[in-house]
Amino acid sequence: ILASQSPRRKMLLEQVGIPFTVLPSEVDETIGNSKQPAEVVQTLAARKAENAVRQLPEGSSAIVLAADTMVVLQGRVLGKPTDRDDAFQMLQMLQDEWHEVMTGIVLIDSATGKWLTHVENTKVRVRPLTSDAIRNYIDSGEPLDKAGAYAIQGLGALLVEKIDGCYSNVVGLPLYSVSMMLAEMGFQTPLDR
């Protein structure tokens, strides 16, 4: 069960042939300011997973996967921009800098109650950008509903100079780590069958 409506997470799981059913998980994403970003993504992923497990029919057996991803620049969390000006400010801050993309992952086996958790961290460097380049990217519409105001799997790939870590994590779900966690839960990916 994928406890997410994210089209990117769905696309990534489909890309590697992992069968799943979507069970949207709406949770309160309010977190106190005292937590570090890695704790925040882990906490939110756990809330989503627990919520999805509670929605399952009693006695059902499923592996529930939930994730939460955030963009962090020098300790500051960059969520989805509120408007074009906010997107411009975010991209201006990110340009010519390294930032981190963190994803908290939680797997719960609803039959046994077994939990697995992991936080994936990928470093991303955005190339130097002119104001015109930033405006052109915003005009594409792509950054307006993305954390950090860019999408590495789209036109935003032209913004990224290099990455250190898992590419699919920057898209929204670190596939290698998820596959290792699924294997630990007894689920075989298409390569392991």
Contact summary for Lys80 and Ala147, nearest pair of heavy atoms: CG-N, 3.8 Å
Closest contact, heavy atoms only, Val72 versus Pro37: CG2-CB, 3.7 Å
Partners meeting ring pair (Phe, Tyr, Trp, His ring centres under 6.0 Å) with His118 (sequence neighbours left out): none
Joint cluster assignment, Ile134 & Ile152, ILVMFWY side-chain distance < 4.5 Å: yes
Quiz: residues 7-16 side-chain donor-acceptor pairs under 3.5 angstrom, not counting sequence neighbours:
| from | atom 1 | to | atom 2 | distance (Å) |
| --- | --- | --- | --- | --- |
| Arg9 | NE | Gly172 | O | 2.8 |
| Arg9 | NH2 | Thr69 | OG1 | 3.0 |

side-chain contact (heavy atoms from CB on, under 4.5 Å) against Arg84, all qualifying residues, sequence neighbours excluded: Ile138, Asp139, Leu144
Side chain to side chain contact (heavy atoms under 4.5 Å, CB included) evaluation trace for Phe187 with Ile18: CA-CA 10 Å; Phe187 179 88; Ile18 295 175; 3.9 Å; yes
Sequence neighbours excluded - side chain to side chain donor-acceptor pair (under 3.5 Å) pairs with any residue from residues 53-66: Asn51-Gln55
Qualifying residues under side-chain hydrogen bond (donor to acceptor under 3.5 Å, both in side chains), relative to Asn169, sequence neighbours excluded: Thr103, Thr122
Glu39 side-chain N/O to Gln36 backbone N/O, donor-acceptor pair under 3.5 Å: yes
Check: Leu78 and Met93 side chains under 4.5 Å, non-hydrogen atoms: yes
For Asp85, all residues meeting salt bridge (charged side-chain N to carboxylate O under 4.0 Å, His left out), sequence neighbours excluded: none
Side chain to side chain contact (heavy atoms under 4.5 Å, CB included) between Phe88 and Ser131, worked out: CA-CA 8 Å; Phe88 186 90; Ser131 294; 3.8 Å; yes
Arg127 with Asp96: basic N within carboxylate O range, under 4.0 Å: no
Pairing residues for Asp109 by the side-chain contact (heavy atoms from CB on, under 4.5 Å) criterion, not counting sequence neighbours: Ala111, Thr112, Lys114, Met185
Inter-residue atom distance Leu182.CG - Leu65.CG, 0.5 Å rounding: 7.0 Å
Summary of side chain to side chain donor-acceptor pair (under 3.5 Å) pairs that have at least one residue in residues 181-191, sequence neighbours excluded: Thr189-Asp192
Side-chain cluster (under 4.5 Å, hydrophobic types only) that Tyr176 belongs to, other residues: Met180
Residue pair Pro143 / Ala149: nearest heavy atoms and the distance that separates them: CB-O, 2.8 Å
Distance, nearest 0.5 Å, that separates CG of Leu159 from CG of Leu94: 9.0 Å
side-chain contact (heavy atoms from CB on, under 4.5 Å), paired with Ile105, selected from Val41, Val119, Leu116, Val178: Val178
Shared hydrophobic cluster for Leu73 and Met102 (ILVMFWY, side-chain gaps under 4.5 Å): no
Under-4.0 Å salt bridge between Glu100 and Lys123: no
Salt bridge (charged side-chain N to carboxylate O under 4.0 Å, His left out) involving Arg135 - partner list, sequence neighbours excluded: Asp132
Whether Lys48 side chain and Ala67 backbone form a donor-acceptor pair below 3.5 Å: yes
Residues which pass side-chain hydrogen bond (donor to acceptor under 3.5 Å, both in side chains) with Thr82, listed by chain and number, not counting sequence neighbours: Asp86
Any His99 side-chain heavy atom under 4.5 Å of Val126 side chain: yes
Side chain proximity check, Val64 to Leu2, heavy atoms < 4.5 angstrom: no
Sub-4.5 Å side-chain heavy-atom contact between Tyr150 and Val170: yes
Inter-residue atom distance Leu175.CG - Cys166.SG, 0.5 Å rounding: 6.5 Å
Distance-minimising heavy-atom pair for Gly104 and Ala45: O-CB, 3.4 Å
Cluster check Val40, Trp115: I/L/V/M/F/W/Y, side chain < 4.5 angstrom: no
Worked check of side chain to side chain contact (heavy atoms under 4.5 Å, CB included) between Ile108 and Glu50: CA-CA 8 Å; Ile108 301 175; Glu50 289 176 308; 4.3 Å; yes
Cluster link Leu23 to Leu44, ILVMFWY, side chain under 4.5 Å: no
Non-neighbouring partners of Glu142 that pass side-chain hydrogen bond (donor to acceptor under 3.5 Å, both in side chains), sequence neighbours left out: Tyr137
same_hphob_cluster(Met70, Leu173) at 4.5 Å side-chain heavy-atom cutoff: no
Nearest heavy atoms of Ala62 and Leu56, plus distance in Å: CB-CD1, 4.2 Å
Side-chain donor or acceptor of Gln95 paired with backbone N/O of Leu129 under 3.5 Å: yes
Note, Trp98 side chain near Gln74 side chain (heavy atom, < 4.5 Å): no
Close side-chain approach of Gln42 to Val106, heavy-atom, < 4.5 Å: yes
Side-chain heavy atoms of Pro128 within contact of Glu161, under 4.5 Å: yes
Beyond-backbone contact of Phe20 with Ile1, side-chain heavy atoms, under 4.5 angstrom: no
Closest non-hydrogen atom pair, Val22 against Ser4: CG1-O, 3.2 Å
